[in-house]
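What follows is one structure encoded as structure tokens, with my remarks underneath.
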Amino acid sequence: MHKRVLFRARWLPYVLVAPQIVITLLFFIWPAIRAVEQSFLRQDPFGLRTSFVWLENYARLFADAAYYHSLGVTAVFSLSVTLLSMALALLFAVMADRAVRGATIYRTLYVAPYAIAPIVAGVLWLFLFQPTVGILAYALNQSGIAWNFRLDGGQAMLLVVIAAAWKQIAYNFLFFLAGLQAIPKSLIEAAAIDGAGPARRFWTIIFPLLTPTTFFLMVVNIVYAFFDTFAVIDAVTSGGPGAPGATNILVYKVYNDGFVGLDLGGSSAQSVVLMVIVIALTVVQFRYIEKKVHY
Amino acid sequence: MATVDIRAVRKTYPGLPFEVIKGIDCAIADGELLVMLGPSGCGKSTLLRMVAGLERISQGEIAIAGRVVNDLEPKDRNIAMVFQNYALYPHMSVYANMSYGLRIQRLPKAEIDRRVRDAAAILELEPFLQRKPRALSGGQRQRVAMGRAIVREPDVFLFDEPLSNLDAKLRTQMRVEIKRLQQRLATTSLYVTHDQVEAMTLADRLMVMRDGVAEQIGTPMEVYTHPATVFVGGFIGAPAMNFLQGEVAEGGAVRLPGGVALPAGTAAPGQAGRPVTVGIRPEHLAPAGEGVPGLPVTLTVDLAEALGADTLVHGRLAGTDTSLIARLAGHVQARSGEAMALTVTDGAWHLFDVESGRRLADTVGRLAKPAA
Ligand SMILES: Nc1ncnc2c1ncn2[C@@H]1O[C@H](COP(=O)(O)OP(=O)(O)OP(=O)(O)O)[C@@H](O)[C@H]1O
Ligand SMILES: [Mg+2]
């Protein structure tokens, strides 16, 4: 149902949405335009001369092995974060859904991490796994695992994945729990009478019915892993270790190349590519949420 | 083929301070359809769900086909259930819904296909087999739910208000279909409803429940002609039975308000002075002078409702404020304030103990008795 609000004064609705539009223009649209503009330019390191280079920045980007490396790292990173955080969140949600009475307590506990800023989450995990003083790192070393994510790219990736996924579990949990609670109990009972055990009930009834939620969360999580994990990477690994950067995901590379490497044009080209990706994801999300995945 | 035995079953929900089922005994014969009828919250669903295995049995035992099932999972009880909201799997086609249980049993594909198509033919669901439930009407969904129960060929069907989400016309139609189907398959069935017409027409036997107690178990006619308690008398029949306060006089006559008395021998002798509740059904009142033998009473009319076939006359027993409803033929005219001479059909009265509400003597001997 669409509700229509009627305003007596024709200008009133415009005034009401104006602040939002101004903010969007100022902080989203304007920087985006500047990024596109910048991606066609090249500056000398001192910012004294700027020249228009057409698509050269893009051409260099797509010829750069480091860029493809970063793309691969991003793919591994975001898929791992998405899978890990969603799987754990679903597991917790199923458990919380069973314990109906305790649900509010569980909910509060599980949701707590979401209120924590990414940088704090990153620092927290950093402390735990810090090779020299981290308590979990100490435990790992004691048990014979040579733990040093400062040197081992695989370990570094594992750590940032855990740190990034941990924070997102709370969000996913809430949606999964709501999804589970929206499934009529009688469906589960009917399946139980039809002879399905708990595992089969989950995979043939519950999980398919959660598809819309799962799909929505998948897009949200990928977007999160792509763009909102900058602070986690920055705090924990700074894109390292190693030369191409074992955890150097695309957003981090944008920052690194632009603000550390001072290649503003190349960095802008990268962020334009990222922008295209996020727009594509959003379009996919809106398309499917509205049509397809309504079993 | 299976019997269901419910023995001294009790149920307490954790966190509820009172018992929801307070000791129910009932033996359901093979192929019988038992309807559980009662007001909302009386524990009908709870009892049914205990038979299904969806609720634990707190005390007592339930046996299906002679085997005690207290500790068996629902899937091991060989029952099928039809839910009020149908509980169809929304992401599966009608075919997949109906075959779900059979696929779990790992029956051969051909056997599954045969059973589903047979059931679909019986229920006229063939054109819809590939549709999803959301593309079906309420009545069709209801039939799919029935189909899903039939294909399993269970020992017992359990129905929890399967028709209450349908409109009145469809409900009547489905009621007939269910009855026909149940007779054809001769599967033992337990059927929960709070609709008394549904209960009367479907039941082989009726269990009238109140507050977790089975007030009466009997054939629909027994329950109608010999209600065991005031509650049953008032619950079965529309409009509800009239209740009057009476007192036993010499010789077993019963004095009613307004100087009317039921004839000597109505109550057991030697009880003079005992207060009793007298129940008279509205349909057992008729205009005087129509040749029906019985007890003459005078009604001061308050209001007449013409329903077409019948006219309901609300009034008071002349000279008292005891209210009475009479169900008379449609052509009868009655005006407010008028005094109307009526006859209570001879013997069509029921005596109940005032305290316990239990039925006293067999007072309806002269009404047609059901063939036991
Ligand atoms: N899971 C439960 N936990 C606690 N109490 C319950 C539960 N299920 C039912 N009850 C209570 O048990 C009593 C009987 O409920 P039940 O559902 O059996 O009634 P019903 O006769 O089927 O009523 P209706 O006609 O409204 O469906 C009610 O007082 C209800 O509140
Ligand atoms: Mg119920």
Side-chain angles (χ1 to χ4, degrees), chain A residues 1 86 90 93-106 175-218 287-295, chain B residues 13-15 45 48-49 51-55 69 72-93 96-107 132-135 141 144-152 154-162 165:
Chain A
M1 267 277 289
M86 284 180 65
L90 182 56
V94 168
M95 279 155 54
D97 187 45
R98 292 242 173 100
V100 191
R101 288 188 188 282
T104 38
I105 304 170
Y106 282 110
F175 277 85
F176 274 133
L177 187 63
L180 285 172
Q181 289 180 341
I183 297 176
K185 236 182 115 216
S186 59
L187 283 186
I188 314 299
E189 292 175 345
I193 289 178
D194 267 343
R200 189 191 289 260
R201 289 201 293 266
F202 182 81
W203 289 115
T204 59
I205 310 287
I206 298 174
F207 192 69
L209 292 183
L210 282 178
T211 317
T213 310
T214 310
F215 183 79
F216 164 78
L217 285 179
M218 212 167 74
R287 271 282 156 78
Y288 281 77
I289 286 270
E290 294 201 335
K291 290 190 215 139
K292 202 77 202 201
V293 218
H294 279 172
Y295 38 83
Chain B
Y13 281 109
S45 299
L48 193 77
R49 291 165 58 81
V51 176
L54 297 173
E55 298 289 351
V69 295
L72 292 186
E73 290 288 315
K75 66 186 166 74
D76 300 320
R77 299 187 180 200
N78 200 20
I79 45 140
M81 184 155 167
V82 179
F83 292 82
Q84 177 172 359
N85 63 2
Y86 317 136
L88 300 180
Y89 312 125
H91 57 300
M92 297 183 194
S93 67
N97 260 283
M98 286 169 66
S99 60
Y100 183 73
L102 305 180
R103 282 180 280 140
I104 289 175
Q105 289 175 29
R106 296 184 184 284
L107 292 188
K132 294 276 172 67
R134 95 183 108 84
R141 284 179 210 183
V144 176
M146 297 276 301
R148 192 171 62 181
I150 298 176
V151 292
R152 303 251 325 276
D155 282 343
V156 182
F157 285 136
L158 305 173
F159 299 91
D160 193 353
E161 310 205 22
N165 283 357

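Computed over heavy atoms, backbone and side chain alike; hydrogens, waters and symmetry mates excluded. Chain letters run A, B, ... following the sequence lines, proteins first, then strands; residues in each count from 1. Please read all numbers here as calculations on a predicted model, not as lab measurements.
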Contact summary for A:G195 and B:I104, nearest pair of heavy atoms:
O-CG2, 3.4 Å
Over 12 foreign heavy atoms within 6.0 Å of CZ, A:F207
no
Looking at B:M81 and A:I193, what are the two nearest heavy atoms and their distance?
CB-CD1, 3.6 Å
So for B:R77, is it side chain, backbone, both, or neither that comes closer than 4.5 Å to the heavy atoms of chain A?
neither
I need the minimum non-hydrogen distance between B:K75 and A:A192, along with the two atoms involved.
CB-O, 3.5 Å
With a 4.5 Å limit on heavy-atom distance, are the side chains of A:I205 and B:M92 in contact?
yes
Closest heavy-atom pair, A:E189 versus B:F83, reported as atoms and distance to 0.1 Å, is OE1-CE2, 3.6 Å
B:L102 versus chain A, the contacting section by heavy-atom distance below 4.5 Å
neither
Do you see a donor-acceptor pair shorter than 3.5 Å between the side chains of B:Y89 and A:T204?
no
Ranked by heavy-atom pairs below 4.5 Å to chain B, first place among A:A190, A:A196, A:G197 goes to A:A190
Salt bridge (Lys or Arg N to Asp or Glu O under 4.0 Å) between A:D194 and B:R152, worked out:
CA-CA 8 Å; A:D194 267 343; B:R152 303 251 325 276; 3.2 Å; yes
Among B:R148, B:E73, B:Q105, which residue forms the greatest number of heavy-atom pairs with chain A at distances under 4.5 Å?
B:R148
So which residue, B:A145, B:A80, B:P74, B:G53, ends up with the most heavy-atom pairs under 4.5 Å with chain A?
B:P74
